[in-house]
2 protein chains.
Amino acid sequence: MNILEKIANELETFSKSERKVAEVILSSPGTVIHASIAALAKQANISEPTVNRFCRRLDTKGYPDFKLHLAQSLANGTPYVNRHVDENDSADEYTSKIFESTMANLELARKSLDTSTINRSVDLLTQANKISFFGLGASAVVAHDAQNKFFRFNVPVVYFDDILMQRMSAINSRQGDVVVVISHTGRTKALVDVASLARENDATVIGITTAGTPLAKECNFVLSVDVAEDTDLYMPMASRIAQLTLIDCLATGFTLRRGTKFRDNLKKVKDSLRSSRFERKD
Amino acid sequence: MNILEKIANELETFSKSERKVAEVILSSPGTVIHASIAALAKQANISEPTVNRFCRRLDTKGYPDFKLHLAQSLANGTPYVNRHVDENDSADEYTSKIFESTMANLELARKSLDTSTINRSVDLLTQANKISFFGLGASAVVAHDAQNKFFRFNVPVVYFDDILMQRMSAINSRQGDVVVVISHTGRTKALVDVASLARENDATVIGITTAGTPLAKECNFVLSVDVAEDTDLYMPMASRIAQLTLIDCLATGFTLRRGTKFRDNLKKVKDSLRSSRFERKD
DNA sequence: GTAAAATATGAAATTAATTTTCATATTTTC
DNA sequence: GAAAATATGAAAATTAATTTCATATTTTAC
């Protein structure tokens with residue numbers, strides 16, 4: 001594992017002084033790799049041996065070895081950790097933190113995804129008579145996006161963010177229909193009902209939700225996407241980005257399954273939009 | 001440039017002894033990063049000062065600094081890159097590629113973002129009498145998401161994905177209103193018109209679009225988000241993810257600007273959703 | 001071809017950095 | 001509240017890296 005993530009993860013297990021070092025390192029890892037143990041100790045207001053012990057605790061041979069690991073973490077393309085936005089952050093700071101957290105969470109989500117379920121879901125979607133995407137709140141946005149993508153495939157696709165429409169649609173579903181229900185928490189009662197109704201009417205229900213939730217239990221298939229909780233500002237952030245990226249995977253799988261001719265058709269859809277645009281000069 | 005490549009390139013310009021060091025390093029760089037200057041000198045059959053001079057010649061501060069660069073070169077094997085999906089990719093492969101491309105593009109987007117414009121936009125949004133988000137197609141999804149977020153702030157916010165509603169709304173806008181127009185291409189005629197109408201009616205127009213496009217020219221402020229073109233499957237993918245993350249930044253900036261009390265209020269909004277949910281057992 | 005100049009190299013000395021040891025302070029447990 | 005466990009830092013010891021300077025090698029000029 002990336003040593004930066006490791007530091008972020010184990011932050012609570014550190015002692016008071018070690019945490020001081022950890023915070024200095026997390027706040028500017030790029031500076032630390034060029035600092036001596038004395039400089040780092042001074043910056044963290046602790047002694048040099050403490051820095052050394054900190055390094056060893058992280059399973060490195062000592063300070064120079066630690067710097068090597070740190071340098072590798074930074075080069076890895078993933079110095080991304082879920083850093084929390086702070087009261088007094090400048091636009092620069094919170095922007096960086098948000099982008100980095102999003103990337104860190106995408107990495108997490110990727111690791112947690114079960115690609116065989118993705119594959120199975122793509123199977124079902126390509127064979128569906130009708131595809132419905134249901135979500136509420138932030139997940140309605142994901143459903144909206146999914147409709148936008150699948151609409152291009154020239155398959156019957158609907159999306160509702162209205163709970164009554166969703167219920168009516170679920171009740172009218174039948175064998176061969178695929179209903180995709182999206183909810184990060186998986187605990188929205190109304191949506192769990194919709195999933196249940198759809199299943200009673202023999203539709204295949206795919207949940208994009210967290211594993212083990214009430215919604216997950218109502219679904220035939222569950223695409224679970226793990227992200228760190230979005231607690232910062234009481235708004236769903238990383239979760240919906242991960243869900244959207246999953247939608248991209250489903251849509252991509254769909255087009256690949258349908259073969260080359262089908263993709264020519266996609267190009268036509270895109271070209272048809274051209275007349276609504278200003279020409280590019282380059 | 002990668003220091004390993006640099007060594008390989010400059011091999012001819014080195015002196016006899018330096019070349020010996022270079023060859024040892026090139027043949028097993030992974031060992032070298034854990035070796036002392038003495039060990040490396042011995043392995044190359046030359047003296048320690050020669051190793052040191054070799055390091056300096058490569059524009060590093062000395063041997064330890066050189067090792068740092070070397071470690072980074074080695075780690076560099078897996079940066080997130082925009083890998084394209086291939087005809088015969090398995091679910092596992094295209095999932096990885098899509099997630100990695102998305103992360104690579106977020107990194108790109110972050111670098112291209114001008115945080116002072118974000119800051120200015122947050123200013124305008126916090127002072128707006130009314131906020132409107134307009135987009136079409138994939139950008140409608142982004143506008144939808146923005147509404148969802150800003151709605152929680154208890155400010156007058158609207159979102160339209162219907163071009164006629166957008167026009168009407170733009171015509172009815174006035175000084176003090178902020179209109180956010182979202183379009184990756186920045187070339188959708190209808191939206192450029194909307195931006196123009198809003199501006200004629202004294203609204204402040206913020207564009208989330210690519211710099212230099214017709215839409216960008218109609219806006220008072222442009223938040224430009226660079227991503228690699230989504231050419232794979234003729235669908236917007238990375239661009240909308242980057243735009244959504246930008247929305248997160250704006251929303252975060254908004255809440256920070258509004259202060260602590262305001263965030264308590266956000267928590268209440270979130271708590272109010274609780275009764276619509278199944279309780280968590282843990 | 002050879003002497004002078006320039007360059008390259010390494011041994012030893014110096015300097016700098018890291019690690020260990022050990023005494024003291026702080027926290028936890030009973 | 002005392003004893004044990006743990007954490008911390010000052011100073012010493014060790015280790016590693018760098019500089020200095022003498023010597024060797026190569027290049028240049030005639």
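Hydrogens, waters and symmetry mates play no part in the numbers below; they use all other heavy atoms, side chains included. Residue numbers begin at 1 in each chain, while the letters A, B, ... track the order of the sequences.
To the nearest angstrom, P of D:dT15 lies 17 Å from OH of B:Tyr63. In this entry the distance linking NZ of B:Lys42 with C1' of D:dA16 reads 16 Å, nearest Å. B:Phe14 has its CZ atom 16 Å from the C1' atom of C:dT9, to the nearest Å. The nearest whole Å value for the distance from the CD1 atom in B:Ile37 to the P atom in D:dA17 is 6 Å. A straight line from CG of B:Asp65 to P of C:dA17 spans 13 Å, rounded to a whole angstrom. Between the P atom of D:dT8 and the CZ atom of A:Phe54 lies a distance of 12 Å, rounded to the nearest Å. Atom-to-atom, CZ of B:Arg19 to C1' of C:dA8 comes out at 13 Å; the value is rounded to the nearest Å. Spacing between atom CD of B:Glu18 and atom C1' of C:dA8 amounts to 9 Å, rounded to whole angstrom units.
Out of C:dG10, C:dA17, D:dT18, the shortest distance to the side chain of A:Ser36 is found at C:dA17. Among the nucleotides D:dT8, D:dT18, C:dT9, the one closest to the side chain of A:Ser15 is D:dT8. Considering only the side chain of B:Pro64, D:dT18 comes nearest among D:dT18, D:dT8, C:dT18.
Residues passing the side-chain hydrogen bond (donor to acceptor under 3.5 Å, both in side chains) test with B:Ser47, sequence neighbours excluded: B:Thr50. Shown here are the ring pair (Phe, Tyr, Trp, His ring centres under 6.0 Å) partners of A:Phe14, two or more places apart in sequence or in another chain: A:Phe54. A search for salt bridge (Lys or Arg N to Asp or Glu O under 4.0 Å) contacts involving A:Glu48 returns nothing, not counting sequence neighbours. Residues meeting the salt bridge (Lys or Arg N to Asp or Glu O under 4.0 Å) test with B:Asp59, sequence neighbours left out: B:Lys6.
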Could you run down the sub-3.5 Å N/O contacts of the protein with nucleotides 23-27 of chain C?
unit_1: C:dT27; atom_1: OP1; unit_2: A:Lys16; atom_2: NZ; d: 3.2

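Sorted by residue number, the members of residues 43-52 of chain A with any non-hydrogen atom under 4.0 Å from DNA chain D read A:Ile46, A:Ser47, A:Pro49, A:Thr50.
With the nearest nucleotide of DNA chain D identified for both B:Arg53 and B:Lys67, B:Lys67 has the one nearer the 5' end.
B:Lys97 and B:Glu100 are not joined by a salt bridge, as no carboxylate oxygen comes within less than 4.0 angstrom of a charged side-chain nitrogen.
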List the steps, then state whether side chain to side chain contact (heavy atoms under 4.5 Å, CB included) holds for B:Arg258 with B:Val155. CA-CA 12 Å; B:Arg258 286 288 181 94; B:Val155 292; 3.8 Å; yes

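Between B:Asn119 and B:Arg257 the shortest side-chain heavy-atom distance falls below 4.5 Å.
For B:Asp65 and B:Thr60, the side-chain atoms include no donor-acceptor pair closer than 3.5 Å.
Each of B:Thr255, B:Thr252, B:Asp248 was checked for a side chain to side chain donor-acceptor pair (under 3.5 Å) with B:Lys149, and the lone residue meeting it is B:Asp248.
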